[in-house]
Structure formats: structure tokens, C-alpha cells
Amino acid sequence: MDPIVIVGGDAAGMSAASKFKREAPDRDVVVFERGEWVSYGACGLPYYVKGDVEELDDLVSLSAAEFEERGIDLRTGHEVVAIDTDERTVRVVGPDGEFTQSYEDLLVATGARALEPPVAGTDLDGVFTLHDMDAAARIRAYLGLDAPPVDDGAGESAGFDDVSEVDAVAVVGGGYVGVEMAEAFAEHGITVHLFEMLPHTLRPFGAEAAAVVEEHLEDEGVRLHLNTAVEELAGTESVTAVVTEDGEVPVDAALLGAGVAPNAELAERAGIELGPTGAVATDEFGRTSADHVYAAGDVAEARNVVTDEPDYVPLALTANRAGRAIGATLAGEPTRTGGIAGTAALKAFDLEVARTGLVDEDAAREAGFDPVSVTVTTGSRAHYYPGSREIQITAVGDAESGRLLGASMVGREGVAKRIDTVATALHAGFTAEDVSMLDLSYAPPFSPVWDPVLTAAKVLD
Ligand code: FAD
């Protein structure tokens with residue numbers, strides 16, 4: 001029997017390969033990865049630039065050698081350039097030339113890539129996107145931050161507390177990577193100018209949460225340029241300024257955070273159907289429109305549990321979970337890849353920000369609901385217990401059915417994991433009333449007796 005072939009050796013691809021090999025040790029699985037890194041945590045890249053993570057290697061879950069030990073035929077430096085779904089073959093370009101590989105089943109796990117805004121100057125030195133390990137290394141090197149970490153004398157590293165050679169950096173785009181990178185740059189004493197063409201940063205988190213984050217970013221010294229489209233990155237060899245309709249802002253480097261697009265072209269060229277979002281359309285088992293071809297992770301759509309429509313929210317758990325499910329399916333145990341609620345959390349300096357489901361009325365209306373929303377601010381602990389901080393929750397519901405549709409949250413503590421209660425409620429299809437009646441834990445150091453989620457649901461109900 002021909003092997004299982006996997007294209008892409010990160011979260012989705014390696015989860016599938018590992019699960020498949022565990023369940024079907026006698027079968028062969030071949031993974032083609034065009035880069036040299038495999039099974040790396042791209043989510044940790046901002047923290048590597050910041051210095052919280054010292055080595056890129058620290059971000060790797062399992063090395064290529066460890067996968068080989070598990071019996072997975074992993075070929076780094078190999079790019080799949082074509083798929084023939086009739087012949088069930090892929091065309092591969094590797095270090096020793098081009099060849100054809102047959103497959104029994106194929107998983108496309110080619111991920112996504114960072115988008116660049118359509119402005120002049122993105123090819124200048126000092127202009128970066130951040131989507132892979134090598135990009136993070138290039139950014140640190142450009143900032144002059146590749147010095148070894150300082151030892152604090154206790155045998156433990158005190159982290160990268162060196163000061164950058166760069167004075168000012170532009171972050172173009174206020175998405176979550178842009179906000180995480182603003183913090184990373186600021187850590188090194190760099191003045192950060194964050195440009196966002198919309199009225200608010202962090203669009204998927206909703207305007208209410210974003211407004212709180214923006215105030216905090218400014219308190220931390222980030223210069224915010226909202227409602228400001230970047231027209232050009234200026235410079236001769238390297239970037240020296242950002243040009244907007246308000247004039248020029250001098251900078252020494254720029255990070256483009258304009259979102260991501262699925263690497264769906266390989267599948268599309270093979271005649272595999274893309275969905276309405278532009279990512280590869282899949283069914284509940286990760287099957288594509290072509291027989292014996294599956295897709296998972298940042299290249300693929302997933303079904304949104306709130307709207308019951310295909311959605312594209314490229315996040316790590318979705319990739320790992322779908323990869324693992326497809327690995328099990330291919331090994332003979334049909335397993336659903338699971339729905340998504342778009343649950344995400346982010347650290348912005350001292351704030352935790354989180355979201356799940358539909359976080360504003362416009363999104364809910366667009367999805368066909370009759371939305372109602374509330375924004376409430378409560379404490380993170382009992383009011384008398386020291387250290388209680390404000391948590392702001394915006395909850396959205398459907399007026400007709402009473403169903404809870406989503407929420408965003410922001411605060412200094414107790415936010416990132418608290419959103420998971422709401423996410424669980426969305427998966428269960430709970431109404432706001434159902435949520436308001438949940439038996440959630442209480443002790444003064446951890447929450448008020450009415451947990452903020454209960455309060456928000458009660459007010460919404
Ligand atoms: P990828 O990780 O993109 O891997 C795809 C692989 O396929 C790549 O290694 C690529 O080289 C390879 N490939 C592509 N085309 C080919 C080809 N033709 N032939 C061979 N190989 C090919 N998610 C979260 O949930 N939380 C976070 O906090 C978070 N933070 C992030 C921060 C940053 C800076 C970035 C960039 C991403 C972050 N993510 C986060 C997203 C998360 O990293 C992705 O969802 C996850 O990596 C997707 O895994 P994947 O396997 O689908 O794709």
C-alpha cells in the first residue's frame with residue numbers, strides 16, 4: 001500500500017503524522033516540509049523577539065530526529081509543487097532534484113502566510129513580517145539583539161535585557177501579532193508607532209475591548225495612529241520613515257502585521273475546492289472535495305459552532321486538533337475535526353484580552369441573528385480581597401432565542417482562561433439564562449461570588 005503523504009511539517013501536519021503512526025505503526029507516513037524547522041510554536045515568536053524565550057530551539061516541540069525515531073519519514077527541505085488527484089501522486093522538489101511520490105491518502109497542511117499591505121517600500125531593508133522562525137531570528141538580528149542572555153549570577157538567565165540599536169519601529173496593522181510585537185519592541189527600549197487604518201485595533205476582539213487595550217498601550221508609551229492608513233514605507237536601502245496622509249514618521253524598522261492568507265494555491269491548482277473564505281473547504285472529517293485528500297490547520301476552513309457556517313480562524317489548537325483527528329481517521333478510526341468558536345486570548349503588556357464567538361452586534365446581525373449586547377465591568381476577586389482588578393466583559397446574545405452568541409473580555413487578571421467558560425457555553429448552545437445558572441467556583445482570591453461571566457450573562461438575559 002502507498003504511504004500516507006503529508007504536506008507541511010508543523011502543527012497540523014506533525015499532529016496527523018504522530019497520531020497516524022501511533023495508531024497504525026505498520027503503515028508508512030511521509031511528511032514533506034519545505035523549510036528546515038518542524039513542529040515549532042509560531043505562537044511563541046513574539047516572546048522570542050521580546051526575550052522571554054531565549055532560543056528559537058525552545059519553541060520546537062519535537063525535533064526532526066525524534067519524529068524519525070517514531071518511524072515517521074520526515075523530509076525537510078522538500079517542497080510539494082503539484083498534486084495529481086487522479087493518479088494520487090504529488091510532485092516534490094528536494095535537494096536532490098524533482099520526483100513523484102504516490103499516496104494512499106494525502107493531507108494538505110501547508111498553513112498560512114503573512115500578508116503585506118499593498119504599499120510601496122515593503123521590500124526595503126528593515127521591513128519584516130513575522131510568520132516563521134527565520135523571520136523572528138532576522139528581526140532580532142536587525143534590532144541588534146542577538147547578544148547572549150545576561151546571567152543573573154544565580155545560574156539562571158535574566159533574559160535579553162540588552163537595549164536595541166534601533167530607536168523607533170513602526171508596527172503596521174493592529175492585529176494580535178502587531179500588538180504582541182509592540183510589547184516585544186517596547187521591552188527593548190524602542191519607541192513603537194502602531195498604525196491602524198480602522199478606528200480600533202484588534203478587530204476580532206470588538207471595539208469595547210480594543211478601546212481598553214488602546215488606552216493601556218498609550219500608557220505604556222506606544223504611539224497609536226488610529227484611522228491612519230500607511231501610504232508608503234520610505235527609504236533608499238533601508239526603511240527610514242512611514243508615510244501617511246498626516247505626514248512622515250521617522251522609523252528605523254517596520255513590522256507588517258496585515259493579517260494572513262491560507263497557502264491554498266497548491267490545493268487549488270489541483271482542482272480542490274476552496275470555500276467562501278478562500279481557504280480549503282473541508283467536511284467534518286477534514287475531507288476535501290477530492291477523494292483521498294484531506295486538509296487541516298491554517299490552510300483549511302472549519303465549521304463555526306455559533307453560525308454553523310464555514311469559517312476561517314487560523315489558530316494553533318484548531319490545527320493540532322484537526323491534524324490529530326485526521327491522523328486517527330486515516331488509521332481507521334473515523335474522528336471528527338471539531339467545530340470552532342474563534343476562541344482566542346492575547347497579552348498586551350499588563351492586560352489579558354480574550355474573545356470567543358460573535359463579539360459585536362454587527363457580526364451577529366450579519367450572521368442572521370437579532371442581536372442584543374451588554375458591557376459590564378466587575379472585579380476579578382471578592383471586593384474586599386487585596387489585588388482585585390477590573391474585568392470588562394461584552395456579551396452578545398440573540399434576542400429571539402436567548403442564545404449566547406459570544407463575548408470579549410479584558411482586564412489585568414483572570415481573563416484569558418475565563419473566556420473558556422463562555423466558549424464551552426457556545427459549544428453547548430447555551431442561552432444567556434443557562435450560563436447565568438452555571439455552578440461556577442468561588443473563593444475570594446479568585447473571583448467575586450458572582451463570577452464576571454455569571455454577571456454578564458445575567459445582565460444579558
Ligand atoms: P503552519 O504552522 O503555517 O505550518 C505549515 C507548514 O507547511 C510550514 O512549515 C510550511 O513551511 C509548510 N509548507 C507550506 N507549503 C508547503 C509545500 N508546498 N511543501 C512543503 N511544505 C510546505 N495561534 C494561537 O492559537 N494562539 C496564539 O497565541 C498564536 N500566536 C501566533 C503568533 C504568531 C507570530 C504567528 C505567526 C502565529 C500565531 N498563531 C497563534 C497561529 C498558529 O501558529 C497557527 O495557527 C499554527 O501554526 C497553524 O499550524 P499549521 O500546521 O496549520 O500551519
Side-chain angles (χ1 to χ4, degrees), residues 5-17 30-50 53 59-61 64 74-83 90-94 101 106-115 128-136 139 173 175-181 184 204 255-257 259-270 279-280 282 286 295-302 312-324 326 337 340 342-348 352-355 416:
V5 169
I6 296 175
V7 192
D10 194 24
M14 296 320 299
S15 296
V30 183
V31 181
F32 294 114
E33 164 55 52
R34 66 181 171 194
E36 293 304 323
W37 294 99
V38 293
S39 191
Y40 47 89
C43 315
L45 293 176
Y47 305 104
Y48 167 73
V49 175
K50 185 181 173 197
V53 175
L59 299 177
V60 173
S61 304
L74 172 58
R75 317 253 190 103
T76 56
H78 284 72
E79 178 166 11
V80 172
V81 293
I83 301 168
V90 292
R91 193 83 191 135
V92 188
V93 177
Q101 168 74 52
L106 178 72
L107 170 61
V108 178
T110 47
R113 62 180 174 277
L115 287 172
F128 302 94
T129 56
L130 179 63
H131 202 269
D132 58 44
M133 303 279 266
D134 297 331
I139 293 172
Y176 76 89
V177 173
V179 170
E180 288 176 346
M181 287 300 289
L255 188 276
L256 309 176
V260 299
N263 289 325
E265 293 79 1
L266 177 68
E268 191 180 19
R269 282 200 306 274
V280 177
T282 53
D298 282 9
V299 71
E301 293 182 336
Y312 182 62
V313 188
L315 289 172
L317 176 64
T318 312
N320 282 281
R321 199 180 55 176
R324 190 185 147 88
I326 292 166
T337 54
I340 58 168
T343 310
L346 134 96
K347 176 178 176 306
E352 299 177 15
V353 202
R355 56 101 54 226

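All ligand and atom numbering here is 1-based and tracks the order in the structure. Every value quoted in this text rests on a predicted model; they were computed, and no experiment measured them.
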Which ligand 1 atoms, with their elements, are less than 4.0 angstrom from a heavy-atom of [X]?
X	result
Val7	17 (C), 19 (N), 20 (C)
Tyr176	29 (C), 30 (N), 31 (C), 37 (C), 38 (C), 39 (N), 40 (C), 41 (C)
Tyr40	8 (C), 9 (O)
Asp10	1 (P), 2 (O), 4 (O), 47 (O), 51 (O)
Ala112	3 (O)
Ala11	49 (O), 51 (O)
Ala109	5 (C), 6 (C), 7 (O)
Pro314	41 (C), 45 (O)

Tell me the closest heavy-atom pair linking [X] and [Y], and the distance in Å.
X	Y	result
Val280	Ala267	CG2-CB, 3.9 Å
Ala344	Leu315	CB-CD1, 4.0 Å
Tyr312	Ala279	CD1-CB, 3.6 Å
Ile340	Arg321	CG2-NH2, 3.7 Å
Leu45	Ala136	CD2-CB, 3.7 Å
Ala296	Ala12	O-CB, 3.7 Å

From CG (Leu59) to CE (Met133), nearest 0.5 Å: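 These two atoms lie 5.0 Å from each other.
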
Check: Arg34 N/O within less than 3.5 Å of ligand 1 N/O: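 Among all N and O atoms of Arg34, at least one is under 3.5 Å from an N or O of ligand 1.
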
Ala12-ligand 1 polar pair, N/O distance under 3.5 Å: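 Min N/O separation from ligand 1 is below 3.5 Å for Ala12.
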
Using heavy-atom distances only, which candidate in [options] approaches [atom] most closely?
atom	options	value
atom 6 (C) of ligand 1	Glu33, Met181, Glu36	Glu33
atom 34 (C) of ligand 1	Gly323, Gly94, Gly297, Ala42	Ala42
atom 44 (C) of ligand 1	Thr343, Thr110, Asp298, Val260	Asp298

Under 3.5 Å: donor-acceptor pair, side chain of Thr110, backbone of Gly8: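 No, the answer is negative, given that no donor and acceptor are paired below the 3.5 Å cut-off.
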
Of Asp298, Thr129, Asn263, Asp132, the residue whose pairing with Arg113 passes side-chain hydrogen bond (donor to acceptor under 3.5 Å, both in side chains):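 Of Asp298, Thr129, Asn263, Asp132, side-chain hydrogen bond (donor to acceptor under 3.5 Å, both in side chains) with Arg113 is met by Asn263 alone.
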
Protein contact of atom 26 (N) of ligand 1 - nearest heavy atom, named by residue and atom, plus distance: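 Answer for atom 26 (N) of ligand 1: Cys43 SG, 3.8 Å.
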
